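I have placed the structure first, in the form of structure tokens, so that the comments after it can refer back to it.
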Amino acid sequence: MPLTPDLWWPSVSLALVLFIDATTSVRPPKFIRECLDGVGFPREWWWSLIVIKTLAVVGLIVGIWIPGIALATTTGVIVYFLAAAAAHIRARFTGRAFWLNCCGMLALSVAVLVLSFVD
């Protein structure tokens, strides 16, 4: 498995989506508030999700040139969305937000890993 992405555009695409997600979460719209409340994520910790997503954006971009960083970041993003999926399932909050947002981001992250790092 290579330590830098074979293709740069999947990492940049995931970084762009996470950047939009992070910036939107600064003043979360109703659907994000409902999602975070639905899984029981404490409001006083919502800021941490913005930090995590912003760090992921940086890691995905920097990792195009620095070996191992994009691979580690993509793996971390997959783990993040697996944890989010577990939170949704545990809270029995498996409506549209779960399938479109959470599982959609998980699928995108796995696709980026496969496209970028699997020979």
Side-chain angles (χ1 to χ4, degrees):
M1 182 176 285
L3 291 179
T4 53
D6 287 335
L7 301 171
W8 61 270
W9 62 266
S11 292
V12 171
S13 299
L14 181 57
L16 179 61
V17 171
L18 288 170
F19 177 77
I20 292 167
D21 189 7
T23 56
T24 302
S25 296
V26 171
R27 293 182 58 91
K30 182 180 178 185
F31 77 95
I32 292 177
R33 291 190 313 266
E34 288 175 348
C35 182
L36 294 173
D37 286 335
V39 298
F41 196 74
R43 285 185 180 239
E44 61 268 14
W45 284 97
W46 286 11
W47 64 269
S48 66
L49 302 178
I50 298 166
V51 172
I52 291 166
K53 292 170 188 175
T54 302
L55 289 172
V57 169
V58 172
L60 288 164
I61 299 302
V62 168
I64 293 171
W65 299 281
I66 300 175
I69 301 295
L71 177 59
T73 303
T74 305
T75 303
V77 171
I78 291 169
V79 171
Y80 173 90
F81 284 109
L82 284 171
H88 277 264
I89 292 167
R90 187 192 73 221
R92 300 176 195 258
F93 192 74
T94 55
R96 191 170 90 168
F98 170 69
W99 292 106
L100 291 178
N101 302 339
C102 184
C103 292
M105 286 300 296
L106 179 58
L108 175 61
S109 303
V110 170
V112 168
L113 181 70
V114 171
L115 286 171
S116 300
F117 297 101
V118 177
D119 286 332

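Here the structure is a predicted model, which means the values were calculated and not measured. The first residue in the sequence is number 1, and the count goes up from there.
- No donor-acceptor distance shorter than 3.5 angstrom exists from the side chain of W8 to the backbone of P5, with no hydrogens or angles considered.
- With hydrophobic clusters built from ILVMFWY side chains whose heavy atoms lie under 4.5 angstrom apart, L49 shares a cluster with W45.
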Between D21 and N101, does the side-chain contact (heavy atoms from CB on, under 4.5 Å) criterion hold? Intermediate values first, please. CA-CA 10 Å; D21 189 7; N101 302 339; over 6 Å; no
So L71 and L113, side-chain contact (heavy atoms from CB on, under 4.5 Å) or not? Walk me through it. CA-CA 7 Å; L71 177 59; L113 181 70; 3.7 Å; yes
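- Remark: of the listed residues H88, R92, R90, H88 is the sole one forming a side chain to side chain contact (heavy atoms under 4.5 Å, CB included) with V39.
- Note on I50 and L36: separate hydrophobic clusters, where clusters join Ile, Leu, Val, Met, Phe, Trp and Tyr whose side-chain heavy atoms are under 4.5 Å apart, directly or indirectly.
- Atoms CD1 and CG, from I78 and L108 in turn, are 9.5 Å apart once rounded to the nearest 0.5 Å.
- Clustering ILVMFWY residues whenever any of their side-chain heavy atoms sit less than 4.5 angstrom apart, transitively, puts V12 in a cluster other than the one holding V62.
- Between L82 atom CG and L106 atom CG the span is 5.0 Å, to the nearest 0.5 Å.
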Under the side-chain contact (heavy atoms from CB on, under 4.5 Å) criterion, do V77 and M105 qualify, and how do the steps go? CA-CA 9 Å; V77 171; M105 286 300 296; 5.6 Å; no
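- Taking OG1 of T73 as the reference point, atom CG of L14 lies at 9.5 Å (rounded to 0.5 Å).
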Could you go through the side-chain contact (heavy atoms from CB on, under 4.5 Å) check for S25 and I32 one step at a time? CA-CA 7 Å; S25 296; I32 292 177; 4.1 Å; yes
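- Heavy-atom minimum distance, I64 versus S11: CG1-CB, 4.5 Å.
- Of the possible donor and acceptor atoms, one in the side chain of W46 sits under 3.5 Å from a partner among the backbone N and O of F41.
- Within the model, atoms CD1 of I61 and CD1 of I66 stand 12.0 Å from one another, a figure rounded to the nearest 0.5 Å.
- Note: the hydrophobic cluster containing V114 also contains L3 (ILVMFWY, side chain heavy atoms under 4.5 Å, direct or indirect links).
- Scanning all heavy atoms of the two residues, the minimum distance from L7 to S116 falls at O-OG, 3.9 Å.
- The distance from the CG atom of L60 to the OG atom of S109 is 8.5 Å, given to the nearest 0.5 Å.
- The side-chain heavy atoms of D37 and R43, taken from C-beta on, include a pair separated by under 4.5 Å.
- Once rounded to the nearest 0.5 Å, the distance linking CZ of F81 with SG of C102 reads 7.0 Å.
- When the shell of 6.0 Å around CZ of F93 is examined, it contains more than 12 heavy atoms from other residues, nucleotides or ligands.
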